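Please read the structure below before turning to the comments.
Everything quoted here is computed from the prediction, not taken from an experiment. Below, each value reflects all heavy atoms present in this structure, side chains not excepted, and no hydrogens, waters or symmetry copies.
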Amino acid sequence: MGFRPLHDRILVRRLEEEEKTAGGIIIPDTAKEKPSEGEIVAVGSGIRGEDGTITPLDVKAGDTILFGKYGGTEVAVDGEDLIILRESDVLGIIEAKAKAKKKAA
């Protein structure tokens, strides 16, 4: 990939939501909301403190995260629609999906 986020920014790929409800009803594209879950593609180096030291981010590439619906900036990188967020826009890391990925690998 030809993009590297700077400082406390992260590059995120939105995860697609289910197209069916639990009851089996198919949700049309026009009724779907933007998903607020994503997978981190790349992270910046960290936050630079007043004394010049760099504090690394708490998230890393491959983490599945939850973020605000309207946060970030949408960009196209290598033909793929991605989002650039600050680490402070991340609400949390979804642990269950991360553990499931490790077991599948």
Side-chain angles (χ1 to χ4, degrees):
M1 174 166 295
F3 184 83
R4 181 175 54 94
L6 298 176
H7 309 295
D8 67 333
R9 290 178 177 82
I10 58 176
L11 189 64
V12 177
R13 176 183 301 119
R14 282 189 197 268
L15 295 179
E16 295 301 317
E17 299 233 351
E18 293 292 323
E19 296 193 11
K20 286 186 180 180
T21 64
I25 298 172
I26 297 176
I27 303 169
D29 288 338
T30 55
K32 289 182 186 175
E33 291 186 14
K34 287 185 175 180
S36 56
E37 285 185 25
E39 178 182 359
I40 297 178
V41 177
V43 297
S45 59
I47 301 170
R48 185 175 304 274
E50 290 180 18
D51 60 353
T53 60
I54 295 178
T55 305
L57 304 179
D58 290 332
V59 295
K60 61 186 179 308
D63 284 349
T64 302
I65 59 166
L66 186 65
F67 56 92
K69 249 184 241 189
Y70 304 107
T73 303
E74 294 186 10
V75 295
V77 178
D78 295 337
E80 185 177 9
D81 292 331
L82 302 170
I83 304 166
I84 298 174
L85 297 169
R86 287 189 177 270
E87 186 186 32
S88 61
D89 293 335
V90 175
L91 303 174
I93 299 172
I94 301 173
E95 298 287 341
K97 290 189 179 187
K99 287 181 184 175
K101 279 185 182 178
K102 287 181 182 177
K103 287 183 181 178

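Every residue meeting the side-chain contact (heavy atoms from CB on, under 4.5 Å) condition with V43, not counting sequence neighbours, appears here in chain and number order: I10, I40, L57, V59. In terms of the salt bridge (Lys or Arg N to Asp or Glu O under 4.0 Å) criterion, residue partners of R86 (sequence neighbours excluded) are, by chain and number, D8. Checked against side-chain hydrogen bond (donor to acceptor under 3.5 Å, both in side chains), D51 has the following partners two or more places apart in sequence or in another chain: T53.
Across every non-hydrogen atom of F67 and E37, the tightest pair is CE2-C, 3.7 Å. The heavy-atom pair separating L11 from P5 by the smallest distance is N-CG, 4.1 Å. Nearest heavy atom pair, residue V41 against residue A61, reads O-CB, 3.6 Å.
Atom CG in D63 sits 8.0 Å away from atom CD in E95 (nearest 0.5 Å). Here the straight-line distance linking atom OG1 of T64 with atom CZ of R13 works out to 10.5 Å at 0.5 Å rounding. Rounding to the nearest 0.5 angstrom, the gap separating the NE2 atom in H7 from the OG1 atom in T55 is 13.0 Å.
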Might you work through the side chain to side chain contact (heavy atoms under 4.5 Å, CB included) test for E39 and L15, ending with a clear yes or no? CA-CA 7 Å; E39 178 182 359; L15 295 179; 4.2 Å; yes
Is there a side chain to side chain contact (heavy atoms under 4.5 Å, CB included) between D78 and E80 once you walk through the steps? CA-CA 6 Å; D78 295 337; E80 185 177 9; 5.6 Å; no
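At a threshold of 4.5 Å between non-hydrogen side-chain atoms, the residues L85 and I65 count as touching.
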